[in-house]
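Letters go in sequence order (proteins before strands), and every chain restarts at 1.
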Amino acid sequence: MRKILSVLLSVLLCVLLCGCSLKARGRQKGLEAIVSSVGFDCIDDRIFMYIETVGVNSEDSEADRKLILTEGSGKNLAVAYEQANKNSVRPFMFSHCAVAVIGENVTAKRMREICRFLYNKDEINLSLRFIYTKSAKELLSCDTVGSVTVGYDLSDALEKLTDYSGTDFENRFYEVESARKNAVNIFSLPRFRVEEKSYSADGSVIFKNDEPVMILDSSQTQILAFLTDNQKKGQILFNNRAYAVDSVKVKHRFSFDERLKTSLTVNLKLSGDENPKQQIAEEIKELFISSKLKGADIFMLGNKIEKKERKLWSKIEHGYYSIYKNSQLAVTVK
Amino acid sequence: MKKTDSFVSHSSALAALFILGNGVIIFPVSGADKYTFLGYITAALSGFLLYFILIPVINRLYTAEDKKIKPLKKTLFLIVYLITALAALKIGADAFLSFTEFASALLLKDYPKVIAVIVFLLTVVFFVSRRAENFLKFCLLAIVVTLAIIIFFFLASLNSFDFDNIVILNLPTLKGFYSQLKNYLLNPMLSTIFVGIYEVCVFKKVRPKATFWGLFIGYTLLGMCILNSVLMFGTNLGAALQYPYASAVSTVTIGRLFTRLDGFSYFVYFVSSLSKVAVCLFLVWEMLKKANKILAFKE
C-alpha cells in the first residue's frame, strides 16, 4: 500500500512540477491560442488592442495553422481585452508573446496602462520586446517572412538588426520596466515603418515619463547607442552609407560654473577612406540641443556625473533637469 | 540514526537546501534597494559565524541527559525546547506558505488554494515519516540538480546583467543598512542555527565540517539567485516582482525552440521549500518529544 501511495504521489508531483496547470475549466480545454504579439493603439478616447495568435493543434498540419488578429476596443484596456476575449474562440495564452507593438497615438497615460496590464499578466514573458510604429494594426497585418507569425518575424528582425549593426536596443519588457521604475524615466524603442504590407526598421523613439518625445533616424539611433554604451562595434550609417566601426571610446569631463559644461571626446575608429567624423560631431550637437528642448537627458549624462563626480552630483542633483536644459556640450570626435 | 561518521555529503546537501529554503522564492523582497546585496552578504557571514559560535551551546542544550537534570535546569531546558519548537514552527510555516502561495498562483491556478496546501502538506508529512536516511538521500540527489540549474541559468543570463545595479556609490547610513539587513535576519541568518539542532537530533552531535560546506553552498546559491534577479532587473523591479528568480529564469531562451524555461526554477522552489519545511516539522516533533520527556520524568 505504501509503495502504491509513493508511486501515486511521485506521479502527481511530476505532473505538477513540469508546469502542467491542470486546467479544469476553459472554453476549449488544451486548445489555447498562442499569442505571438500584441498591439496597442488609440483613437480619440478609445484604446484598441490587437492580439496576434496562432492556433496550435497537434492534429493540424503546419499549413493548417491559422494566423489570426483579434481586435478589441474600449474606454480602457480591461474592456478592450474583454472584448478581444469575446471575439476569440479560444482562450489566449500570453506566455510565448514575443512583441508588444505601440502605435503612435498611444499617450503617456495609455502607455502606463499598457505596462500595468502586461505586468499584471502572470504568464507574460518578461523578455518580450516593445516596438513603436505608426499603426499597430497595420504592422501586425503585414505578410509573414520567415516564421508563422508577424510577431516572431519582428523579434527575429530585431535580433538580426542587432547582429548586423551592433546596436543593442534595450527594449525588452523588463528593461523598459526597469527604466520606468528609475527616477530618470527615459527609455527608447526601435521604430518600424510599413510599406505595402512589408516592414523595415526606421530608427527609434525616445520616451520620457512614458511619453514619446523624440524621434531619431537610423544614424542618430546608432550615434546615441555609441554614446550610451549600447554599441561598441558593428557599423554606423551616415548619409546613406555604412561605415564599419573598429572601436569606440567615449570620455566625459564635467565642470560646473553657473552652467554645467560637458566635454565629450569620442575616439572612433572607422574602416575605409572617407571620414565623416566632423559630421558625426555636428549630429551629436544637434541631438543634444533637441534633447535639451525636450528636457530629456538622452545621453544619460546625469548617470555619468552621479558615478564619476560625486561632489558635483551632490551640488546639482536636485535641480538637475533645469541645469541640464541650460548646460553646454563640447564635442570632439577623433 | 546512530552513525556519526556517515552521510557527511548528505548533511551538507541538506544544509544547503535548508538555506535556500523559501529565500529563493521571495528574495529580493519588497523594499529592497541598492544595498540589498550588501545586507545579504552581511547576513550570510553572520549566519556562518553564528553557527560556529553556537556549536558548544547547541551540543550542550540539545544532547542533555534528561534524567540527570536538576529542577531549575529542567525548567530552563523545557523553555528552550518549547521556544525552539515555536521558532521552527514559525520558520517552517513561512516556507510552507511561500511555496503554497506560489503553487496555487502558478501551478494550480484553476484550483482552490487548499488543493496546493493539501498536496504539499502530504508530501512533507510523507518525507518526515520516512527514516532520516531516506530524506538525506533525497537531499543529496536534489542538491546536485539544484546546483546544476542555478549555475546554468546564472551563466546563461550573464549577457543580460547590468552590474551598475549593485554598484554602491555611497556608503549607506546605519538605518538604511539595517533596513536591508533585517530582510535576511530571520531567514536565512538565524535559521542557520536549526541546521545544527537538526544534526544533534539525527546524528547526536553537530557536524561542523559537513555543515561548513553545506552552508557555503547554500549561501552561495542563494546569493547567485538574488544576484540573478537584481543584476537583470535592478533592485526596484526585482523587488516588485512576485517571483523574481522564476522571472529571471523565464527570460533565458536557448535557440528558438526552448523558451520559457522557468519550469526549472519551479523545481528549485519545490525541493528547497520541501527540505526546509520537512526539517522544521521534524524539529517541532523532536522538541515536543524532548519537552514531554522532561515533563514525564519524576525526581
Item to complete: Verify the neighbour count for atom NZ of B:Lys182: are there more than 12 heavy atoms of other residues, nucleotides or ligands below 6.0 Å?
Response: no

Worksheet item: Is the side chain of B:Arg260 donor-acceptor paired with the backbone N or O of A:His96 at a distance under 3.5 Å, no angle test?
Response: no

Worksheet item: For the candidates B:Leu241, B:Thr253, B:Asp262, which exhibits the highest count of non-hydrogen atom pairs separated by less than 4.5 Å from chain A?
Response: B:Leu241

Worksheet item: Checking heavy atoms, do the side chain of A:Glu170, its backbone, both or neither come under 4.5 Å from chain B?
Response: neither

Practice prompt. With a 4.5 angstrom heavy-atom cut-off, could you sort out which part of B:Asn165 is near chain A: side chain, backbone, both or neither?
Written response: neither

Response to the item:
Taken to the nearest 0.5 Å, the spacing of A:Leu126 CG from B:Ser250 OG works out to 5.0 Å

Practice prompt. Decide side chain to side chain contact (heavy atoms under 4.5 Å, CB included) for A:Tyr174 and B:Ser247; before the verdict, give the C-alpha distance in whole Å, the side-chain angles of both, and the deciding distance to 0.1 Å.
Written response: CA-CA 10 Å; A:Tyr174 69 83; B:Ser247 300; over 6 Å; no

Discussion item. Using a 4.5 angstrom heavy-atom cutoff, name the option from A:Glu177, A:Arg310, A:Glu306, A:Glu123 with the most pairs to chain B.
Written reply: A:Arg310

Discussion item. Can you confirm whether B:Phe264 is buried at CZ, in the sense that more than 12 heavy atoms of other residues, nucleotides or ligands lie under 6.0 Å from that atom?
Written reply: no

Discussion item. Less than 4.5 Å to any heavy atom of chain A: does that hold for the side chain of B:Ala240, its backbone, both, or neither?
Written reply: both

Fill in: Toward chain B, the part of A:Phe173 with a non-hydrogen atom under 4.5 Å
neither

Worksheet item: Would the number of heavy atoms belonging to other residues, nucleotides or ligands and lying under 6.0 Å from CZ of A:Arg112 be above 12?
Response: yes

Worksheet item: If you count heavy-atom pairs under 4.5 Å between each of B:Leu169, B:Asp164, B:Asn236, B:Val167 and chain A, which one has the most?
Response: B:Leu169

Discussion item. Any side-chain to backbone donor/acceptor pair from A:Ser178 onto B:Phe233? Under 3.5 Å, distance only.
Written reply: yes

Discussion item. Using a 6.0 Å cut-off, check whether atom CG of B:Leu174 has over 12 heavy atoms from anything other than its own residue.
Written reply: no

